[in-house]
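Below you'll find the structure, written out as structure tokens, and then a few comments.
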Amino acid sequence: MEKKLRVGILGATGMVGQRFIALLENHPWYEVVTVAASPRSAGKTYEEAVGGRWKMTTPMPESVKNLVVMNVNEVEKVAASVDFVFSAVDMTKEEIRAIEEEYAKTETPVVSNNSAHRWTPDVPMVVPEVNAEHFEVIKYQRERLGTKRGFIVAKPNCSIQSYAPALTAWREFEPYEVVATTYQAISGAGKTFQDWPEMLGNIIPYIGGEEEKSEQEPLRLWGKIENGVIVKASEPKITCQCVRVPVLNGHTAAVFVKFRKKPTKEELIDRLVNFKGLPQELELPSAPKQFIQYLEEDNRPQVQMDVDFEHGMGVSIGRLREDSIYDYKFIGLSHNTVRGAAGGAVLCAELLTAQGYIAAK
């Protein structure tokens, strides 16, 4: 790419916004030129607006420290400065839906980390290795919005990344019933232990809205485009419990699966380690070379050893074994703020760029 595309980050001061900034430092295709946040941050430099709330383990990039934060509500002004935006705004769902559509209508593509548009029928919700073909619905969305280049794409919930890719790799064996329990890191709530000391040595058996997302969003990934909208798959039936655990980064899932076509353990492992998609074929900048790794040791995957597999963009699976009630059970692990949030959105943008949906204005 001769000239880097100009990127804006909406909600740049929050944890996911910060993760976008950290991941995009020295990106070969993109340059963060605009940071936008709430009116209370507008007018300050990014460094001043974030203050002592920088939550990444790497230092704040020098390139963004002196960017003056823009008011995210000044849509035309922000949109005029960028080729596309990543959205991580902290608003109500109704407000997010409205503001993301406003940006799209300025002919600015929006790649959203938010849940607000995940069930809008003509908005693709994409894990690039799983359902890149859903980008084809963008043409129908543009007709509805009255745009030529503007559109919205969403990425799914962080919790499903630890098991949906494995189930996708096994689709040929027709999984039809799934029980999953996810053990979710506190960064999924935008927190660190400094912000949330009561999580130390604690487990909270409830995360609002998370179980519904974990049961339903995989079905949308596996859905089909019909009459200009995405119709979710009917199977597998998934039931889920979601638990907050005292871990900073990394969502772990304990999963039980029934298959219509009974595979061997060797077949299941083979499909995992050989599973790849367009990001790997196109060698996109953020794509993991190995999307899913299988770990043979009984005590893996572990957050401390495996969460950063492929710079946090890969998925780790282990403890695959036959079950006495279901056919098989396994443990999955993914990095919730990299693959599950900002990194997954960056990979979506890279694929959209490679396919010509995102280009310089």
Side-chain angles (χ1 to χ4, degrees), residues 8-11 14 16-17 20 36 72-73 75 78-79 82 84-161 164 168 208-234 238 340-342 344-353 355-358:
I9 298 172
L10 313 180
V16 175
F20 274 120
V72 72
N73 299 313
V75 175
V78 174
V82 298
F84 75 100
V85 296
F86 290 110
S87 175
V89 290
D90 182 14
M91 300 175 173
T92 67
K93 281 200 174 157
E94 291 72 24
E95 289 169 334
I96 292 170
R97 274 195 285 270
I99 201 165
E100 289 183 349
E101 285 206 359
E102 274 188 75
Y103 274 95
K105 286 175 179 176
T106 67
E107 301 294 1
T108 304
V110 177
V111 182
S112 180
N113 184 70
N114 297 304
S115 63
H117 274 294
R118 287 180 194 156
W119 290 93
T120 302
D122 58 11
V123 170
M125 180 185 76
V126 171
V127 174
E129 289 88 349
V130 171
N131 62 324
E133 69 278 3
H134 284 189
F135 287 152
E136 292 168 24
V137 83
I138 288 171
K139 64 187 175 196
Y140 302 106
Q141 184 194 145
R142 283 172 169 163
E143 286 171 16
R144 174 175 64 84
L145 295 175
T147 59
K148 288 188 167 56
R149 71 188 298 285
F151 61 87
I152 302 161
V153 163
K155 53 144 290 298
N157 197 42
C158 51
S159 66
I160 74 170
Q161 317 278 338
T168 304
E210 204 75 1
E211 286 161 1
E212 296 83 351
K213 294 174 191 173
S214 300
E215 292 171 354
Q216 293 298 315
E217 287 188 15
L219 299 174
R220 193 164 199 261
L221 292 182
W222 301 318
K224 296 275 186 285
I225 298 174
E226 295 177 18
N227 301 316
V229 299
I230 295 161
V231 178
K232 73 175 185 177
S234 57
I238 303 172
V346 170
L347 190 58
C348 276
E350 290 171 358
L351 185 52
L352 288 161
T353 302
Q355 294 185 332
Y357 290 98
I358 291 176

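Under 4.0 Å is where a charged nitrogen must lie from a carboxylate oxygen, and between Glu102 and Lys105 no such pair does.
For the ring pair (Phe, Tyr, Trp, His ring centres under 6.0 Å) condition, the pairs that include at least one residue of residues 85-130, sequence neighbours left out, are Phe20-Phe86, Phe84-Phe86. For residues 219-228, no residue pair satisfies the salt bridge (Lys or Arg N to Asp or Glu O under 4.0 Å) rule, not counting sequence neighbours. Applying the salt bridge (Lys or Arg N to Asp or Glu O under 4.0 Å) definition to pairs two or more places apart or across chains, none involves residues 148-159.
A heavy-atom distance below 4.5 Å is found between the side chains of Val153 and Ile138. Considering only heavy atoms from C-beta on, Asp90 stays 4.5 Å or farther from Asn114 through its side chain. Counting only heavy atoms from C-beta outward, the side chains of Ile160 and Leu221 approach each other to under 4.5 Å. Put simply, the side chain of Leu352 reaches to within 4.5 Å of the side chain of Phe135, judged on heavy atoms. Between Val229 and Tyr140, the closest side-chain pair of non-hydrogen atoms is not below 4.5 Å.
For Glu95, the side chain to side chain donor-acceptor pair (under 3.5 Å) criterion is met by Thr92, not counting sequence neighbours. Residues passing the side chain to side chain contact (heavy atoms under 4.5 Å, CB included) test with Ser234, sequence neighbours excluded: none. The side chain to side chain contact (heavy atoms under 4.5 Å, CB included) check on Thr106 picks up Val75, Glu76, Ala79, Thr108, with sequence neighbours excluded. Taking the side chain to side chain donor-acceptor pair (under 3.5 Å) definition, one finds that Glu143 meets it with nothing, sequence neighbours left out. For Thr168, the side chain to side chain donor-acceptor pair (under 3.5 Å) criterion is met by Trp222, not counting sequence neighbours. Annotation: salt bridge (charged side-chain N to carboxylate O under 4.0 Å, His left out) contacts of Arg118 (sequence neighbours excluded): Glu217. Remark: Gln161 engages no residue in a side chain to side chain donor-acceptor pair (under 3.5 Å) (not counting sequence neighbours).
Taking CD1 from Ile238 and OG from Ser214, the interatomic distance works out to 8.5 Å, rounded to the nearest 0.5 Å. Rounding to the nearest 0.5 Å gives a distance of 4.5 Å between OG of Ser159 and CD of Glu210. Once rounded to the nearest 0.5 Å, the distance linking CD of Glu136 with OH of Tyr357 reads 6.0 Å. How far CG of Asn73 is from CD1 of Ile99: 4.5 Å, rounded to the nearest 0.5 Å. Atom CD of residue Glu212 and atom CD of residue Glu215 lie 7.0 Å apart, to the nearest 0.5 angstrom. Here the CG atom belonging to Asn113 is positioned 11.5 Å from the CG atom belonging to Leu10, to the nearest 0.5 angstrom.
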Residues 122-134 side chain polar contacts: donor-acceptor under 3.5 Å, at least two apart:
residue, atom, partner, partner atom, Å
Asp122, OD1, Arg144, NE, 3.4
Asp122, OD1, Arg144, NH2, 2.8
Asp122, OD2, Arg144, NE, 2.6
Glu129, OE1, Arg339, NH1, 2.9
Glu129, OE1, Arg339, NH2, 3.4
Glu129, OE2, Gln280, NE2, 2.9
Glu129, OE2, Arg339, NH2, 2.9
Asn131, OD1, Val127, N, 3.0
Asn131, ND2, Met125, O, 2.8
Asn131, ND2, His134, ND1, 3.0
His134, NE2, Gly223, O, 2.9

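Here the side chain of Arg142 pairs no donor or acceptor atom with the backbone of Thr147 at under 3.5 angstrom.
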